Amino acid sequence: QVQLVESGGGSVQAGGSLRLSCAASRYTSCMAWFRQAPGKEREGVAQSHTASGSTYYVDSVKGRFTISRDTAKNTVYLQMDTLKPEDTAMYYCAASFTYARPFKIDDYPFWGQGTQVTVSS
């Protein structure tokens, strides 16, 4: 089992920045961020797979969000810059011991409780 604890959410004006953190109780090869806005399906935002060194981003955040890992701390970060009102959502950290297909929810067995991000215009 893996416990995931997110932090760093909050409220910010459009154009601002936030940095999310997710601390895992043990090392996992694949970690990702998903988000879910009210009335919408959960969607993948960014994914990092340390074994292959690959990262993936959903098109809507490319160039604005950056996922990074600190494997010594079993922590994944999501730096979010130039935030937009449409980025408002609950952000969830997810983890898998093995490679997960990009943004495939079913491939991630471990999930955090989420942290709220609100961007005002």
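One-based numbering along the sequence shown. Not measured: the values here are computed from a predicted model.
Asp81 contributes no side-chain N or O that, together with a main-chain N or O of Ser17, makes up a donor-acceptor pair within less than 3.5 Å. No donor-acceptor pair closer than 3.5 Å links the side chain of Glu6 to the backbone N or O of Tyr92. For Thr75 (side chain) and Lys73 (main-chain N/O), a donor-acceptor pair under 3.5 Å exists by modelled atom type.
Taking the ring centroids of Trp33 and Phe65, they lie at or beyond the 6.0 Å cut-off.
Shown here for Leu18 and Gly8, the closest heavy-atom pair between the two residues is CD2-O, 3.9 Å. Summarising the geometry of Ser121 relative to Pro85, their closest heavy-atom pair is CB-CG, 3.9 Å, with the distance given to 0.1 Å. Closest approach of Ala24 and Leu4 over heavy atoms only: CB-CD2, 3.5 Å. Summarising the geometry of Tyr56 relative to Ser54, their closest heavy-atom pair is CE1-OG, 3.8 Å, with the distance given to 0.1 Å. Scanning both residues, Ala89 and Ala37, for their nearest heavy atoms gives CB-N, 3.8 Å. The two residues Asp107 and Pro109 make their nearest non-hydrogen contact at O-CD, 3.4 Å.
For the pairing with Leu20, the side chain to side chain contact (heavy atoms under 4.5 Å, CB included) check across Val76, Val45, Val117 returns one residue only, Val117. The only member of Lys84, Arg35, Met80 that meets side chain to side chain contact (heavy atoms under 4.5 Å, CB included) when paired with Val61 is Arg35.
To the nearest 0.5 Å, atom NZ of residue Lys40 and atom CD of residue Glu86 are 8.5 Å apart. Here the NE2-OG1 distance, from His49 to Thr28, works out to 9.5 Å after rounding to the nearest 0.5 Å. The distance from atom CE of Met31 to atom OG of Ser48, rounded to the nearest 0.5 Å, is 9.0 Å. Interatomic distance, CH2 of Trp111 versus CD of Gln113, reported as 12.0 Å (0.5 Å rounding). A distance of 8.5 Å separates CE in Met90 from OG1 in Thr118, rounded to the nearest 0.5 Å. The OG atom of Ser96 sits 11.5 Å away from atom CG of Asp106, with the distance rounded to the nearest 0.5 Å.
Under the 3.5 Å distance criterion, with hydrogens and angles disregarded, a donor-acceptor pair is assigned to the side chains of Tyr108 and Gln47. Tyr27 and Thr50 share a side-chain donor-acceptor pair at under 3.5 Å.
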Would you sort out whether Gln116 and Thr88 count as a side chain to side chain contact (heavy atoms under 4.5 Å, CB included), showing the intermediate values?
CA-CA 8 Å; Gln116 178 68 38; Thr88 295; 4.1 Å; yes
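When side chains are defined from C-beta on, Arg64 counts as touching Asp87, because their heavy atoms get closer than 4.5 Å.
Residues passing the salt bridge (Lys or Arg N to Asp or Glu O under 4.0 Å) test with Arg42, sequence neighbours excluded: none. With sequence neighbours excluded, the residues satisfying ring-ring contact (aromatic ring centres under 6.0 Å, His included) with Phe97 are Phe110.
Under the 4.5 Å side-chain contact rule for hydrophobic residues, Tyr77 and Phe34 do not share a cluster. Hydrophobic clustering (ILVMFWY, side-chain heavy atoms < 4.5 Å, transitive): Tyr57 and Leu83 are in one cluster.
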